[in-house]
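Okay, so here's the structure we're looking at.
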Amino acid sequence: MARIRTTVDGLVYEDDVEPRMLLVQYLRERLGKTGTVIGCDTSNCGACTVHLDGLSVKSCSVLAVQANGSEVLTIEGLERDGQLHPMQQAFHDNHALQCGYCTPGMIMQSIDLLGENPDPSEQEIREGIEGNLCRCTGYQNIVRAVQDAASKMKPGASPTAEAGAKQTVAGGGA
Amino acid sequence: MTTTENAPTQEIGRDRRRKEDRRLITGRTRWTDNQALTGLLHISVVRSPFAHAEIKGIDTSAAKQVPGVVAVYTAADLGADQVQLPCAWPVTKDMKAPQRPALAGSRVNFAGEGVAVVVARSAAIAKDAAEQVEVDYDELEPVLDMEAALADGATLVHPEIGTNANAQWVFDSGEAGSGGSVAEALQKAESDDDQIIVKRRFRQQRLVPVFMEPRSTVVDPSGEQLVMWSSTQVPHILKTMLALTLGLPEHKVRVIAPDVGGGFGGKIAVAPEEVLTLLVAQKLGKPVKWTETRSESLLTAHHGRDQIQDLTMSVTKDGTITGLDVKLLADMGAYLGLVGPGVPILGAFMFNAIYKIPAYRFDCTNVFTTKTLTDAYRGAGRPEATFGIERLMDEAALELGMEPMEFRRKNWIKHEEFPYTTVSTLTYDTGNYEAATDQALQMFDYDGLRREQQERRERGDVKQLGIGISTFTEMCGLAPSRVLGSLDYGAGGWETAAIRMLPTGKAEVVVGVSPHGQGHETAFSQIVADQLGVPFDDVEILHGDTQSSYRGLDTYGSRSLAVGGIAVVKAAEKVIEKAKPIAAHMLEASEGDLEFSGGRFTVKGTDKGVGIQDIALAVFAAHDYPEGIEPDIDAHATFDPENFSFPHGTHLCAVEVDTETGFVQLYKYVCVDDVGNVINPLIVEGQVHGGLAQGIAQALFEEAAYDDQGTLLSGTLVDYTLPTAADLISFDTANTTTASTTNPLGVKGVGEAGTIASTPAVVNSVLDAIRHLGVKDIDMPTTPYRVWTAINDAKGTAGRGDEANVASPGAGLGSTASDISKGDTQGGHL
């Protein structure tokens, strides 16, 4: 067992974990953060994507012990005071989800994508979310949602959106 | 709770954003694997690595010593080898149905079949201990090739049934009286200088549905009713089948499908693991969970497609089809799934497609092999048929020297000919193939792309352009119960809905269909809002729990709206009917003077009225209501459709094929679909997008390939290559509308249309790009390796041996062992 201390969605946790425990297992099984899901066992699907110190990671490819001392942001920590993150709102507005299983990972990855490239082309979006599989939507509305969020998260686009954008770039947390 | 004075805006037809989304985009989800119950135990299934083997012994002693392990069971310990998992579709009277156990007893029949189960306090411990279970196998010959399996002396998958043939199902229009005899038509064509005969063999490769949420089941046996949560499309069927299969009293079982992350047919099942979870929970008296890994899912959840199609068409030289003969071999895998043997049979009604074919025969033999069983996958039988006929239409046009769209136009049913009874005995109610095609051609710039194609040919560009067509229809909205009865299906095709009008005027609508991504909560709320004249937000759709929704036949076959949605309409009509005498009483008017509109009963010619939501409160109080009626306006309705639903459309695909690498890049995709009246255009468009992606994936990317020992080679998402966002393009979609005349909303199904239509459009376009180089056909998926090989074989410069035998297991997939042994390393796509 190894002792780890992490901040997850703004709360501090200390736990003893098996060294082999994956971050996604720690989130789901120990913290009850079941918003983050597991879709495969080969790190192909990206359903488990979260932010680790502000960058997207597939939480099935990170050991819980590697998150020691780090800040983790999951889909459950995006909403602020009942206000959806602009990316969440854009997924809703553009019908970018059907069954919703890939959605948490897809949203977390899309936010990371805009952190790196605030004004991506369609092809850049398609390549930026290539590591996240969706079986329902054919990706078309996901691409639209990311474009929509990008336009709303541009500096000066709107006060609330800008707050969301800053929060993202800072890596979330509380 | 009072309704507005003015009639609310019409909800049907609005692009309402989905009610379902809020939880899903914030992570407040209830997937089955999220269930955490006190004392919950976890199971892991020990699986056979061999496709066909006798089990000589199982040593569980080491596994039992692992700390945290509660029990290790073999089949005999649980009686799991005595279980007969159900097949609800005995397609013929003499169909051969082997026993399908929940765990193998003495013999395994596919790689991945369960042989033992470990129960532990955590999933990780259960998996660790499962690796400690020692199983002694004696390998048997695998059975992998359908044609070889049917030959005399073939190794039998199930020796006890004496054959590898499951059933043969034949339809002959001459015998049915719906058309002529194909044998005669083909004979006549052979001796007729004005006719040609076109024969082709096509391969429908094996696919895996790959829903994103792996399957999971939790069983809690501690209450009076045993509760099963399961990631299923069919909670009602599962409940009844568990009762019938295990001898449980049906009223002691409750099945809940909570949030379900996709299905595509892959979760229409009574899975062995669902039964195992239940048996273990009963034995230990503790709640138990099973959640599969993705690799387990690819290996053991049912597969789809997998047919060899031998097609023969006779056609006059001026392009009029005179006969169509279809001979299929359909791979069932090792056992029969819930509806597996019926899946290829659905194709019997669809090979004739949108065309007027005077003589038609369909002959399908289902075959057992030692592979994972096949069952419904998005489209179920219709994609296979549509692929066959739409590929054959191109081949026939080619031999006739006709433009492929002109050949189709010459043979399809004209819009003024509806309703039209086909040679396979279905009556298509409405459609307009000309309108959909004209719009698609215009959106696509068909003539412009043909010019560009010609220019690239003339320049000899490395990247050649190909254009492919698919003009399709399909039968969905499963299904009229009497028709299902005539096909020996084990259940009806009706659907049920109930409306509960609450005292505050809100409506709870209980439906028997069971969504897993389709958006039922939104679409059905729109329907109820219009029917009852209540606000959209005042409607809650309840589903997926047999305790609240006790009657239903669940979701598959694009039936939820065309059947389930109509049950909702019928229930709403009954609510209004029940409310009418109460309204009359409240308004001191006679029922005959009342009219209902916008949620209010009004007395004709006056401004007196009462809202339906106020009536709900009045019957709750029940202080004053007419004699002789119950104080209740709730209603329950069951709708049995009179016909299938026949969406149709024209799909046009352009691809660029790199003639140096064989890489296929989508260039443009246009589809115009007629799905009848649209409840929510946003949801319809989403269904089309997703359907297209899956159909395109069959054409270009996906295959469940086995090696010559029967081992699944594409057992992870590294090897089973789902398309990513970067593999696809944005599709141009549109709708034409001919309202269905067989249901009051005029709707048709949409869930499977994109998948059914797109595959042949893509393959036709790939071939169209390189046919001038001498390429005649390429098996799906048309990976770069296959396209490159086909081009080089056509040039006569490849030197890579004979073309792969398409019927052999795993033939031709870039990454198979046989290809690698030829010294080629260009596998897979991308």
Side-chain angles (χ1 to χ4, degrees), chain A residues 18 20-21 25 28-29 32-45 47 74-79 84-85 87-89 91-104 106-107 122-123 125-144, chain B residues 15 17-18 20-31 33-34 36 122-124 209-214 259-264 291 293-297 516-519 682-683 685-694 696 716-718 722-731 754:
Chain A
E18 272 192 79
R20 67 173 183 169
M21 180 174 250
Q25 291 169 326
R28 287 181 59 79
E29 295 170 19
K33 292 271 179 189
T34 52
T36 301
V37 297
I38 301 171
C40 74
D41 43 16
T42 47
S43 73
N44 287 86
C45 81
T74 80
I75 190 74
E76 295 175 57
L78 276 183
E79 203 177 3
L84 293 174
H85 184 281
M87 190 63 75
Q88 290 173 308
Q89 187 66 45
F91 268 62
H92 174 62
D93 289 344
N94 292 279
H95 186 34
L97 61 148
Q98 289 179 29
C99 85
Y101 199 76
C102 76
T103 306
M106 201 63 90
I107 287 176
E122 174 176 343
Q123 194 54 35
I125 293 170
R126 287 183 177 276
E127 285 165 14
I129 59 171
E130 197 179 12
N132 292 66
L133 296 174
C134 169
R135 191 60 157 169
C136 291
T137 65
Y139 303 102
Q140 188 153 333
N141 289 347
I142 294 175
V143 172
R144 275 185 199 159
Chain B
D15 59 348
R17 270 46 184 177
R18 296 198 321 169
E20 293 88 338
D21 289 355
R22 182 86 191 188
R23 292 181 308 102
L24 299 170
I25 57 179
T26 53
R28 287 185 286 112
T29 41
R30 291 169 301 142
W31 314 110
D33 186 58
N34 293 1
S122 79
V210 197
F211 31 77
M212 287 315 298
E213 180 210 12
D259 287 339
V260 176
F264 315 112
T291 299
T293 65
R294 175 59 62 185
S295 303
E296 255 183 314
S297 189
H516 35 282
Q518 293 87 346
L682 201 69
I683 291 175
E685 190 192 25
Q687 286 291 318
V688 172
H689 289 166
L692 292 178
Q694 289 185 19
I696 291 168
T716 72
L717 288 182
V718 178
L722 296 193
T724 71
D727 296 320
L728 299 174
I729 58 171
S730 286
F731 313 119

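Note on naming: letters A, B, ... go to the chains in the order of the sequence lines (proteins, then strands), and numbering restarts at 1 for each one.
Heavy-atom distances place the side chain of B:R22, and not its backbone, under 4.5 Å from chain A. No part of B:L692 comes within reach of chain A, as not one of its non-hydrogen atoms sits under 4.5 angstrom from that chain. Only the side chain of B:E685 has a heavy atom closer than 4.5 Å to any heavy atom of chain A. Contacts between A:R28 and chain B at a heavy-atom distance below 4.5 Å involve the side chain alone, from C-beta outward. Within the 4.5 angstrom heavy-atom criterion, no atom of B:A36 approaches chain A. Residue B:I696: no heavy atom, backbone or side chain, is found under 4.5 Å from chain A. Using a 4.5 Å cut-off between heavy atoms, B:F731 contacts chain A through both its backbone and its side chain. For chain B, the nearby parts of A:L97 are the backbone and the side chain; heavy atoms of each come within less than 4.5 Å. Within the 4.5 angstrom heavy-atom criterion, only backbone atoms of B:V260 (N, CA, C, O) approach chain A. Contact of A:T103 with chain B is made through the side chain alone, with heavy-atom distances under 4.5 Å.
When all heavy atoms of B:A726 and A:Q123 are compared, the pair lying nearest together is O-NE2, 4.5 Å. Residues A:D41 and B:S295 share a closest heavy-atom pair of OD2-OG, 2.9 Å. Contact detail for A:C99 and B:G262: the closest heavy-atom pair is CB-N, 3.3 Å.
Comparing B:L728, B:T716, B:T293 by how many heavy-atom pairs each has under 4.5 Å with chain A, the most go to B:L728. Top candidate by heavy-atom pairs under 4.5 Å with chain A, chosen from B:D33, B:T291, B:T29, B:D15, is B:D33. For the set A:C102, A:P104, A:S43, A:G35, the count of heavy-atom pairs under 4.5 angstrom toward chain B peaks at A:G35. No other option in B:R23, B:Q518, B:Q694, B:E296 has as many heavy-atom pairs under 4.5 Å with chain A as B:Q694. Of the listed residues (A:G39, A:A96, A:C134), the one with the most heavy-atom contacts under 4.5 Å to chain B is A:G39. In terms of heavy-atom pairs under 4.5 Å with chain A, the best-connected choice from B:S730, B:G691, B:A693, B:G261 is B:S730. Contact count against chain B (heavy-atom pairs under 4.5 Å) is highest for A:N141 among A:I125, A:I129, A:N141, A:V143. Your options are A:I38, A:T34, A:T42, and the one with the most heavy-atom pairs under 4.5 Å with chain B is A:T34. In terms of heavy-atom pairs under 4.5 Å with chain A, the best-connected choice from B:P214, B:A124, B:G754 is B:P214.
Distance check: A:H95 NE2 to B:H689 NE2 gives 9.0 Å after rounding to the nearest 0.5 Å. The CD1 atom of B:I729 sits 8.0 Å away from the CZ atom of A:R126 when rounded to the nearest 0.5 Å. Between A:Q25 atom CD and B:S122 atom OG the span is 9.0 Å, to the nearest 0.5 Å. Remark: B:I25 CD1 to A:I75 CD1 distance equals 8.0 Å, nearest 0.5 Å.
Residues satisfying the ring pair (Phe, Tyr, Trp, His ring centres under 6.0 Å) criterion with A:Y101, sequence neighbours excluded, are B:W31. Under the side-chain hydrogen bond (donor to acceptor under 3.5 Å, both in side chains) criterion, B:D21 pairs with A:H92, B:R18, not counting sequence neighbours.
Contact of the B:T724 side chain with the A:L133 side chain is registered, since non-hydrogen atoms from C-beta on lie closer than 4.5 Å.
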Exercise. Yes or no on side-chain contact (heavy atoms from CB on, under 4.5 Å) for B:T26 and A:Q88, after CA distance, side-chain angles and deciding distance?
Worked result: CA-CA 8 Å; B:T26 53; A:Q88 290 173 308; 3.8 Å; yes
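Using modelled atom types, no side-chain atom of A:R135 and backbone atom of B:L722 make a donor-acceptor pair closer than 3.5 Å. Distance alone, capped at 3.5 Å, is enough to place a donor-acceptor pair between the A:Q98 side chain and the B:G686 backbone. In this structure, A:Y139 contributes its side chain and B:D727 its backbone to no donor-acceptor pair below 3.5 Å.
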